[in-house]
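Encoded as structure tokens, the structure appears first; notes follow it.
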Amino acid sequence: MTLLEISDVSVHYGRIRALSGLSLTVEEGEVVTLIGANGAGKTTTMRTVSGLLPVTSGSITFEGDDITRLRADLRVVRGICQSPEGRAIFPGMTVQENLDMGCYTRKDRAAIAEDYERVFSLFPRLEERRTQVGGTMSGGEQQMLALGRALMARPRLLLLDEPSMGLAPQFIQQIFRIITEINEQGTTVLLVEQNAQQALSRAHRAYILDAGEITRTGTGAELLADPSIKDAYLGVG
Amino acid sequence: MIGNLPTVLAQGGVDWISFDIGRLVDQFWYNTVNGLAYGSIYSLVAVGYTLVYGVLKLINFAHSEVFIVGAFGAYFTFQFLGYESGGIAQAPLVETIVNLILALAVAMICSGLVALTLERVAYRPLRRKKAPRLVFLITAVGASFAIQQAIMLWRNPNPELAIQLIAPRPLFEVFGVSVTNIQLTVFLAALVLLLIADSFINRTRLGRGIRAVAQDPDTATLMGVNKERVIMLTFIIGGLLAGAAALFYIMQIPQGVVYNGGFLLGIKAFTAAVLGGIGNLRGALLGGFLLGVFENYGQSLLGGQWRDVVAFVVLIVILMFRPTGILGESLGKARV
Amino acid sequence: MSAHHFRSGTATKVPFGQRIRDWWNGLSRFHQWAIIIPVVVLVYLMPFLNFFPITTEPGTDFELALFNTARIVLIAIGLNVVVGQAGLLDLGYVGFFAIGAYVAALMTSRDSALYAEYPWLLVVVVGIAVTMVSGVIIGTPTLRLRGDYLAIVTLGFGEIVRLLADNIPALRGNVGFRNLERPPGEWSDGTRIFTQGDGIPWYWLTVTAIIAVLILVGNLERSRVGRAWVAIREDEDAAEIMGVPTFRFKVWAFVIGAAIGGLSGVLYAGQLGFVNNARFDVVTSVLFLAAVILGGSGNKVGVILGAIVIAYTPERFQVVSEYRYLIFGLALIVLMIFRPQGLLGARQRLLARGRQAYKRLVGKPEPVSTESPMKDSGKGTGA
Amino acid sequence: MTTTSGSTPEMRHHLDDPGTDQPGGLVGEVARMSAEERAEHEAEVADVVAPDRDIEVEVGETLLEMRDVTLSFGGLVALDSVSFSIRRGEILGLIGPNGAGKTTCFNAMTGVYRPSSGDVLLEGRPLGRLKKSQITRRGIARTFQNIRLFGEMTALENVVVGTDARHRTGVLGALLRLPRHHREEREGVERAMALLEFVGIADRAADKAKNLPYGYQRRLEIARALATEPKLLCLDEPAAGFNPAEKEELMGLIREIRDDGYTVLLIDHDMKLVMGVTDRLVVLEFGKKIADGRPAEVREDPSVIAAYLGVPDDDVA
Amino acid sequence: GNEEPAEGGAATNDSAAAAPDAPTDAVLPAGDGTGECEDGVSIAYIGTIAGQNAALGVAILNGVRLAVEEHNEANAGCQVTLKEFDTEGSPDRASGVVTQAINDDSILGVVGLPFSGESDAAGQSFHEAGLVTISPSATDPALSQNGWDTFFRGLGNDAQQGPAAATFIGEDLGAESVCVVNDDSSYGIGLAREVREALGDAVVCTEEVKTNQREFSAVVGTIEASGPDAVFYAGYYTEAAPFAQQLFARGLQTTLVAPDGVRDDQFVQNAVGAAEGVYLTCPCVPADGFGDFFDAFTELAGTEPSTYSAEGYDATTVLLRALDEGLSTREEVLEYVRDYDAPGLTKHFKWDEDGELTDTPVWVYQVEDGEIVRDREIG
Ligand SMILES: Nc1ncnc2c1ncn2[C@@H]1O[C@H](COP(=O)(O)OP(=O)(O)OP(=O)(O)O)[C@@H](O)[C@H]1O
Ligand SMILES: Nc1ncnc2c1ncn2[C@@H]1O[C@H](COP(=O)(O)OP(=O)(O)OP(=O)(O)O)[C@@H](O)[C@H]1O
Ligand SMILES: CC(C)C[C@H](N)C(=O)O
Ligand SMILES: [Mg+2]
Ligand SMILES: [Mg+2]
């Protein structure tokens, strides 16, 4: 079943058009990756799906319902959660409170407790620092917190905008493992990553975004194998 | 001649300011009690400033009018209940209490409604248009002007006649100072209201939503927080508390329900909020009490005309040492 | 030709201020002057345009209304340096205005113990100097504070200035100083040029001061100093780490703002001939601020417009004097809702020389607008 | 436009022969110049980018020294008696797990935090209680892990603010537009423009910084830091948000910066970048230095592998 | 006579002195109905209308309006326009407003300004413009000492009211210790000085309050500590009302005496119970004896004449007389006023070279049952 469908969406910042007629779909249970250079419009896409940016034209459907004009917070209730670019943790709240914010819309107490366990076992640093104020954490620690917070929401569709940014190598591996893992547990993931190698190899499908438009799409493996993609996004060698 | 400057200043030095330490010591406890009672009003109003500030980063200049409308609300409730302006009522205790609670409810509702209307009319349209922060300040000022003037045109520029529901009566003494029934009621009621507000903000889910919006509205939305509702809520809470403050105000100072009567009080309350650390509810509480008390000390030490100066000097001195207020988050947000 | 992929949106409309600015920047230097000069002439001729609907009569004397408007314009330009440029929210600006007025009063009123027959120009100089010094005195301890903490502290200082005037006997409180000296000079028929009753000379004097201040402040804005202010406004920590001595520049902003406030205080006191403690309250400060923001904080032309609205409207509606502040308050709300960026938005364009450098390197003129770097460059050539 | 989609061609010409592709935009402009023109143009750019060419280029004497620096936040010791030094002309990498104290190290060097004990010495002189802006003038510039640009200013103006650190005009000079002011303004703008070109974002010079995409903002930060003419340039995760191709360009850029006479201190988690560009590595863990040496050595160091690199995994490196 | 006026609004108590009758030879605005003047001549009232202490200004303004109305009705050949300017009662506003009046060439004479502070601020401008002013109420003695040849005072000044009040406090009330409180206006400061000088050693404390002050706990505290027999408050009713309230709320046993600036029903209303028994001195003549004036005023204004209503009426009469003569320049009107010598309702008007009158009464009133009633003449 198609979980998310973006069709022919355009988005403007003032007079600038950042997305022009973008269409993509995410099927239930998939990991879909969005790849593109700086400024291609990846973050814009993510924010549009979350409802932070209004579309100028086009439509977005989620589970078959049109959510184009749905308020952002109601999209969260429907199960769309994002770990935004640049972490965006609540700087004045403690680690614990930040995680609490992740389950703002949830009511299933027992499951929440379980999720705490899981997040803490993924990122022991967060457990050590439960009472530290979020804003004083190091960059990578904040990234862990942002991811943990998104996981706490147990979304149907998880949007990850550059989740590996700022993480040390051993955590990067872990992040990708987690993505696969939660995906296997039933969460659909839309992933933006600069670490295209990893992202593509973990993704069922991928889209290449350039200048606000989709220029290529295919399975992760296909794109990985494509020399032009390799040249542009995977670096030489 | 400029040559006279020393003389002029010297004359000043001797004349215009003098430190009466004896009086400060004599009236210390009296001032403390009095200051706390006054401070409760500052605190209640300060919470409104601090909450709105926290969420919108807006100095809600019109909050003083939210307050004064509550005062009018309470005043007219008294009138409606048949109290004669002028006299001191001598109703039986139970009746008085019921009436007070009634007036409290009306005052809170009036203020709450005004706060909510303000939000809707003056601020929300701006938010929709993503106006810069300072612009809100100007609509706030505009709203403040408009409400004041509307009241003035309706009532006239003179203060309403005093109505006193309960006569001040000493209840007991602490440190040789009698505490009146009014002071005690006001202090306790304010404290209770503030504690309720505090636990609402810090303990409940909605409260957490408020704090999240305060720190990062977009991300809060990404967590499923309904930003508009949160903002509305803060205005309502602020308004309700200002309404309560308004009733307490006319209980303590029956004279003075007048169209611009909120202005100075508003500034003081805002000062209190900053003193405590703006955006921090407990800070507002602490700041209010401190300001109330220190003003009184300063008044004893230097004389009544220096009261307001003392308030601001206290503020400046404290901010010198704690640039984000007493309970303000120090640098928490400003990691480089 | 560029790697750029933006196309101008069709649906989004160009903001008014932006359109004006685009148009203006599109004009040649020659054309710009061809507009500026007649406008300046017109401004000087304003007192003779005393007819409906411009005039404020019969409510208020038109010429005095013009002077008062000009005075507020001057103040707004000064406050704009502090608020609009450096981003320091100053709610006590009226304090500097008061200090300027009191210096004039102390030096030129016979009610003052310091009275002597000083040349009026000296009064101006002393007035400005004293306000600048007080700017340093007030700024040094307070400018370490950030944002709204600064706002409330400046508000406090403004109030303290007023309350000192209240409480120091030598400053004569509510009673005030009378019969302040005015600038010298006589018409050919032997009557004084500068009197209380005739607004025209005062208006001209103030307009001239405004032009001078605009030029000087403009010089600053287009320099390292102006850049430092904006950088501080945007991110003080980052500015400091980029080598901007932020504290020093903040004090400068404060001091320059203070000087302009002081100057207008001297002018005000001179025209009115009377100074007491009554008009230096927070409300006045806030009105000054309203002028700046209403016009478009950071944009000089906008700020001038804002000040005109703030000062002129109440004078214009003096006739309906009971309702004028109600009208005024509502007008503020409505105006802001319709023009949330201010009458004219903040200035934003490349530095003059930046344009040349840009052109040389990129090979085409700098795009005029801010939002879209590649304004209307047709259909993009994206891959 | 005919460049390979996705990459940022503007940076290319700093790296290799610009003739091999047919870039558009700025590069296209440059490409259309004649050979001499181009050479001249590049010399010009390089000239403004690094005016002090006589800075020692070969790895030389100690430029900056961390001497027993300890820094703690409440109970948390973020730097625990850390000592290392940076020699003139080298590219030093500072790596370590998340929360190891790398950014804190930068903060200690640039005066954001004061060490609880120990000293930071620049050219043998302790920084002591110098203000942040003074430290910058002494010659340390940095970028920020969480980008800190002047959002409402154009990209160009952002960089010009950096050049101001070297200006001498005072308020009076600016007020009266003295000749020196004129000259400095002109030079500043030209230099800033050249720096934008150098990092490859000249065509967006007129954009507000906040409207630039993440990757451009990072480059802009580098340009701004370079504008202060630092002796030591500290880059805090400059490659975050870059794709591998872009990272490669960045490597070239960093090398070029060094070749222009700057000393570079680099924090990044991308091992390919770090190993590829640095001359030497310092590794922190829990606020302590656990290794210091040439990349090849450090890479093999078991304690570093355990603490940081994890099981060697080709996907990641 | 000693009869009460028919309306009898003001209850007289037994001890009260009789209100004076209107002098039979009093010159009234209507004159003899033969006035001739140019079209478009006007006089102005400049003073508070809607600002600070507005009630005091309005009481005067209504007197002025009445005079002009009566005049215009009787003199078909001379229709005078009354122009009203609101100074909001504050000196800093006054200067601007006065300039405007001065710039209006049709205005040949001014009634005002009512308050001393604003008169002080604006006097020089009138002097320079040669525009005659007759103040029906400003009482600061210093006003006549500035060398302004356009200043005329239509009543006694505080150099009379002050000592009279002091005598009343000391002798009639028998107070041995007095606290003198004043506000920060020229009026309050000047009057308090006169009172203190006259009281001498009886003054046990002096305090100052501010315009617009509402909270007096500090001042009241000091007064309480001194425990005076009487308190004299020199200022206006706006502050006096809350002051009185807070003074008596503390249960102080003392007598409050206040001057003309407090003598208004607004004081009684605002101070609620606290006004009861307060003595009010005033260089104003009780108007209840001026039958025709009293009635006409009551009809026009809807209230009885109050403080300085009759004085305002008298001052206007002087100017109207000048205009009836056909005088058409400010200079001529000024000259006319300077030489004026005729009785009015309240007193005889003939000014000395400073612009002061010679024979000026001071009365004391008291608040009884919420009404201000005349008590006796004290100077
Ligand atoms: N607030 C804004 N105002 C104006 N333009 C913007 C704004 N945010 C983004 N843009 C522009 O929209 C385009 C798309 O930006 P976006 O952030 O979506 O890119 P991205 O693919 O996420 O890039 P990166 O890899 O650097 O994060 C960019 O060219 C950027 O300049
Ligand atoms: N102001 C502060 N208050 C409390 N703790 C802090 C503060 N600043 C940093 N820390 C802590 O000090 C440690 C070191 O932080 P630092 O930012 O230097 O890490 P880092 O090495 O840069 O990590 P990353 O690679 O994640 O950016 C972290 O655990 C962080 O939580
Ligand atoms: C109207 C009066 C009460 C005015 C007062 N006598 C004064 O001089 O200010
Ligand atoms: Mg992005
Ligand atoms: Mg870091």
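So you know, we letter chains A, B, ... as the sequences are listed, proteins then strands, and number each from 1.
- Within residues 114-140 of chain E, the residues having any heavy atom closer than 4.5 Å to a heavy atom of chain C are E:D120, E:A121, E:Q124, E:S125, listed by residue number.
- Atom CD of E:E331 has 12 or fewer heavy atoms from other residues, nucleotides or ligands within 6.0 Å.
- Shown here for C:N174 and E:D184, the closest heavy-atom pair between the two residues is CB-O, 3.2 Å.
- A donor-acceptor contact shorter than 3.5 Å links the side chain of E:N103 to the backbone of C:G197.
- To the nearest 0.5 Å, atom CG of residue C:N276 and atom OG of residue E:S185 are 11.0 Å apart.
- The contact between C:L272 and chain E is made by backbone and side chain atoms together, counting heavy-atom distances below 4.5 Å.
- Heavy-atom distances place both the backbone and the side chain of C:R279 under 4.5 Å from chain E.
- Using a 4.5 Å cut-off between heavy atoms, E:S186 contacts chain C through both its backbone and its side chain.
- Interface remark: E:N146 contributes side-chain atoms only to the contact with chain C (heavy atom separation under 4.5 Å).
- Contact of C:N68 with chain E is not made at all, since no heavy-atom distance falls under 4.5 Å.
- Heavy atoms of C:D166 lying under 4.5 Å from chain E belong to its backbone as well as its side chain.
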